[in-house]
Novice: 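The structure is given below, and queries will be raised subsequently.
Letters A, B, ... mirror the listed sequences (proteins, then strands); counts begin at 1.
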2 protein chains.
Amino acid sequence: MSSPSEEPAWRQRAVERSIKAAKVRAEQRVQRFLDAAQVIIDEKGTTDFTVQEVVDRSRQSLRSFYLHFDGKHELLLALFEDALNRTADQIRAAASGQKEPLDRLRVAVQLLFELCRPDPDARRPLFTDFAPQLLVSHPTEVKVAHTPVLAVFTELLADAEEASLLSPEVKPRRTAALIMQTVMFNAQSSGSPDDETANPLTADEIWDFCANGITNH
Amino acid sequence: MSSPSEEPAWRQRAVERSIKAAKVRAEQRVQRFLDAAQVIIDEKGTTDFTVQEVVDRSRQSLRSFYLHFDGKHELLLALFEDALNRTADQIRAAASGQKEPLDRLRVAVQLLFELCRPDPDARRPLFTDFAPQLLVSHPTEVKVAHTPVLAVFTELLADAEEASLLSPEVKPRRTAALIMQTVMFNAQSSGSPDDETANPLTADEIWDFCANGITNH
DNA sequence: CAAAATTGAGAACCCCATTTCCGCTCTACC
DNA sequence: GGTAGAGCGGAAATGGGGTTCTCAATTTTG
């Protein structure tokens with residue numbers, strides 16, 4: 001009786017109009033939570049905040065928080081997705097500065113590497129803290145969040161393939177995922193650039209590794 | 001007066017004898033905790049156990065647990081180290097079955113990949129759960145725990161280098177770390193083999209990636 | 001304006017790691 | 001052989017944090 005297929009269009013529209021206001025309000029509240037969380041993260045340089053802090057900062061209530069989010073993890077995922085979207089844009093922009101497909105790819109790899117590297121000064125614990133944390137608790141959602149960055153690399157690889165710059169067995173889509181994860185994870189466990197330990201992996205090294213492999217041919 | 005330099009050797013020995021028994025007892029208790037934890041992990045196929053469970057299983061007490069371990073993380077690290085030691089041995093053994101240096105390396109890469117891949121059937125959540133979890137909380141210790149596996153790959157790469165099979169710019173030690181992490185991390189986020197999703201990365205693919213890179217040369 | 005839905009403020013609940021308290025037992029040392 | 005002390009089991013207590021619940025105030029809707 002109330003199946004969508006039997007709902008007259010006019011009713012749909014009426015309901016929607018009625019709901020729109022509420023929807024806007026809800027979105028505003030959600031945004032306030034997100035903004036508050038982002039501010040806290042920027043301040044503390046870590047994702048070790050409590051839900052209570054976010055609630056206080058956004059001048060709302062716990063009740064409201066759990067009304068809009070399924071839990072803390074959804075908040076984290078939302079922030080993570082935002083960050084990855086921005087990152088994807090940033091990488092795309094940087095890559096577009098190069099003419100040659102392989103140069104574009106190189107720039108993309110090196111930038112992603114620098115962005116994911118843990119740097120105590122730069123305030124971006126999204127990758128160094130969120131990623132591993134969420135990867136444990138919600139691997140599927142994390143993969144989805146990676147999509148925009150993955151898309152950039154897929155494009156870049158497709159371009160390179162079209163220019164016959166890649167080995168014939170390289171499949172752009174699959175290799176894009178391979179490269180992205182290789183770069184991101186290796187960046188995270190390479191000490192920060194100013195670390196004195198023996199392992200400050202460089203962006204060049206990782207690019208050489210991805211591009212040329214290790215064999216002597 | 002009680003400085004070590006003034007302690008006569010006979011006293012040192014006497015004390016040591018006296019302490020040895022206690023030490024053995026302590027080691028046995030520690031081992032019972034470790035065994036209990038391992039059993040629970042094997043049963044549940046996850047590392048989501050509580051300290052209380054381990055205590056009950058080992059028929060000891062919470063008090064005793066915190067007397068022997070600084071906290072849950074030490075227990076996890078201990079298990080993780082054990083697992084990585086066994087893994088290193090296993091890889092070394094498998095690799096030794098091959099004659100050619102590059103074949104040994106390939107076998108090592110492929111085996112490590114399979115071992116780190118999340119397989120619901122195989123009971124080894126050490127890599128899929130521990131690693132990310134500990135990497136967040138105790139990155140330094142995790143790196144130390146990786147040492148034995150890293151050593152295997154360093155040897156294999158050194159062999160290959162000696163046989164002039166590697167590109168000249170490849171540094172065995174650094175590249176070993178690069179390969180190990182690339183393999184481990186990519187394995188963890190590649191769906192299990194029987195997964196229907198589009199991304200069941202294969203051991204061959206990751207080997208090709210590491211060995212040959214992506215460029216067309 | 002009245003009914004209904006949304007919020008706020010805060011207490012309450014739960015899970016779990018970690019600590020603490022109280023006896024008991026076994027070891028070490030005289 | 002006996003006694004002080006360390007080691008230990010059992011269980012209650014503490015504490016941090018996420019999540020839920022209660023109730024009254026407020027806003028939105030009709």
Side-chain angles (χ1 to χ4, degrees), chain A residues 10-11 13-33 36-37 40-41 44 46-79 129-130 133-134 136-138, chain B residues 10-34 36-37 40-41 44 46-79 129-130 133-134 136-138:
Chain A
W10 64 263
R11 178 182 277 259
R13 266 180 277 119
V15 170
E16 178 157 341
R17 218 187 322 271
S18 163
I19 288 201
K20 195 175 332 186
K23 186 175 170 186
V24 169
R25 249 178 299 130
E27 279 169 354
Q28 285 176 341
R29 287 180 178 278
V30 166
Q31 196 55 49
R32 279 170 62 191
F33 284 123
I40 294 176
I41 291 175
K44 311 212 309 185
T46 173
T47 59
D48 274 342
F49 59 84
T50 70
V51 173
Q52 188 62 54
E53 286 179 278
V54 175
V55 166
D56 293 345
R57 243 341 206 295
S58 69
R59 312 169 135 283
Q60 297 178 89
S61 68
L62 265 180
R63 179 148 201 290
S64 194
F65 179 88
Y66 284 100
L67 222 53
H68 295 286
F69 291 90
D70 195 47
K72 185 182 181 178
H73 64 102
E74 271 205 352
L75 174 66
L76 291 176
L77 275 168
L79 292 171
D129 294 357
F130 277 10
Q133 207 166 308
L134 288 173
V136 178
S137 54
H138 304 269
Chain B
W10 62 264
R11 179 182 276 260
Q12 295 254 357
R13 266 180 276 120
V15 171
E16 178 157 342
R17 220 189 320 273
S18 163
I19 291 214
K20 197 178 325 187
K23 186 175 171 186
V24 169
R25 250 177 297 130
E27 279 169 354
Q28 285 176 340
R29 288 185 175 276
V30 166
Q31 194 56 50
R32 280 171 61 191
F33 283 123
L34 292 177
I40 294 176
I41 290 174
K44 312 212 307 189
T46 173
T47 59
D48 274 342
F49 60 83
T50 69
V51 173
Q52 188 63 52
E53 286 179 278
V54 175
V55 166
D56 292 345
R57 245 334 210 296
S58 69
R59 313 166 135 283
Q60 296 178 89
S61 68
L62 265 180
R63 183 159 198 290
S64 195
F65 180 87
Y66 285 100
L67 222 54
H68 294 285
F69 291 90
D70 195 47
K72 186 181 181 179
H73 63 104
E74 271 205 353
L75 174 67
L76 292 176
L77 276 169
L79 291 171
D129 293 357
F130 277 10
Q133 206 167 309
L134 288 173
V136 178
S137 53
H138 303 269

Novice: If the threshold is 4.0 Å, N to carboxylate O, is there a salt bridge linking B/Arg32 and B/Glu27?
Specialist: no
Novice: If I take atom CD1 in residue B/Ile19 and atom C1' in nucleotide D/dG7, what distance separates them, rounded to the nearest angstrom?
Specialist: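 Rounding to the nearest Å, CD1 of B/Ile19 and C1' of D/dG7 are 14 Å apart.
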Novice: Starting at the 5' end of DNA chain C and moving along, which residue's nearest nucleotide shows up first, B/Val51 or B/Ala22?
Specialist: B/Val51
Novice: With respect to the side chain of B/Arg63, which nucleotide from C/dT19, D/dC8, D/dC21 is positioned closest?
Specialist: D/dC8
Novice: Among the nucleotides D/dG10, C/dT27, C/dA9, which one has an atom lying closest to any side-chain atom of B/Arg25?
Specialist: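 Shortest atom-to-atom distance from the side chain points to C/dT27.
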Novice: Between C/dT18, D/dG10, C/dG8, which nucleotide has the shortest distance from any of its atoms to the side chain of A/Gln60?
Specialist: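 Side chain of A/Gln60 sits closest to C/dG8.
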Novice: How many Å lie between CZ on B/Arg59 and P on D/dG9, as a whole number?
Specialist: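 Rounded to the whole Å, the gap is 11 Å.
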Novice: Tell me what B/His73 touches on the nucleic acid: a base, only sugar-phosphate, or nothing, going by heavy atoms under 4.0 Å.
Specialist: nothing
Novice: CG/A/Asp48 to CD/A/Gln133 distance, rounded to the nearest 0.5 angstrom?
Specialist: 7.0 Å
Novice: Distance from A/Ser61 atom OG to A/Tyr66 atom OH, nearest 0.5 Å?
Specialist: 11.5 Å
Novice: Consider the side chain of A/Thr50, meaning its heavy atoms from C-beta on, and name the nucleotide among D/dG18, C/dA17, D/dG7 that approaches it most closely.
Specialist: D/dG18
Novice: Roughly, in whole Å, what's the span from CG in A/Asp56 to P in D/dG18?
Specialist: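 Distance check: A/Asp56 CG to D/dG18 P gives 12 Å.
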Novice: In whole angstroms, how far is the C1' atom of D/dG9 from the CZ atom of B/Arg29?
Specialist: 9 Å
Novice: Tell me the interatomic distance from A/Leu75, atom CG, to D/dT19, atom C1', rounded to whole angstroms.
Specialist: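 So the two atoms are 14 Å apart, to the nearest Å.
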Novice: With sugar-phosphate meaning primed atoms plus P, OP1 and OP2, does B/Ala21 contact a base, only sugar-phosphate, or nothing at under 4.0 Å between heavy atoms?
Specialist: sugar-phosphate
Novice: Could you walk me through whether B/Lys44 and B/Glu53 pass salt bridge (charged side-chain N to carboxylate O under 4.0 Å, His left out), step by step?
Specialist: CA-CA 12 Å; B/Lys44 312 212 307 189; B/Glu53 286 179 278; 3.4 Å; yes
Novice: Provide, to the nearest angstrom, the distance between the CZ atom belonging to B/Phe65 and the P atom belonging to C/dT19.
Specialist: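 For the pair B/Phe65 CZ and C/dT19 P, the rounded distance is 11 Å.
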Novice: In whole angstrom, what separates A/Asp70's CG from D/dT19's C1'?
Specialist: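 Value for this atom pair: 11 Å.
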Novice: Would you indicate which nucleotide in D/dG9, C/dA11, C/dA17 comes nearest to any side-chain atom of A/Leu62?
Specialist: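 Closest nucleotide among those given: C/dA11.
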Novice: Can you tell me if B/Ser64 touches the phosphate of D/dG9, counting only side-chain N or O atoms and a distance under 4.0 Å to OP1 or OP2?
Specialist: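 Answer is yes, contact under 4.0 Å.
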Novice: A/Gln133 has an atom CD; how far is it from atom C1' of D/dG18, in whole Å?
Specialist: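 It works out to 13 Å between those atoms.
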Novice: Which heavy atom in A/Leu75 sits nearest to a heavy atom in A/Phe49, and how many Å separate them?
Specialist: CD2-CE1, 4.0 Å
Novice: When you get a sec, tell me which of D/dT19, C/dT18, D/dC8 is the closest nucleotide to the side chain of A/Tyr66?
Specialist: D/dT19
Novice: Between B/Phe49 and A/Arg32, which residue's closest nucleotide on DNA chain C lies nearer the 5′ terminus?
Specialist: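 Its nucleotide being nearer the 5' end, the pick is A/Arg32.
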Novice: Report the nucleotide, chosen from D/dC8, D/dT19, C/dT7, that has the shortest atom-to-atom distance to any side-chain atom of B/Leu67.
Specialist: D/dC8
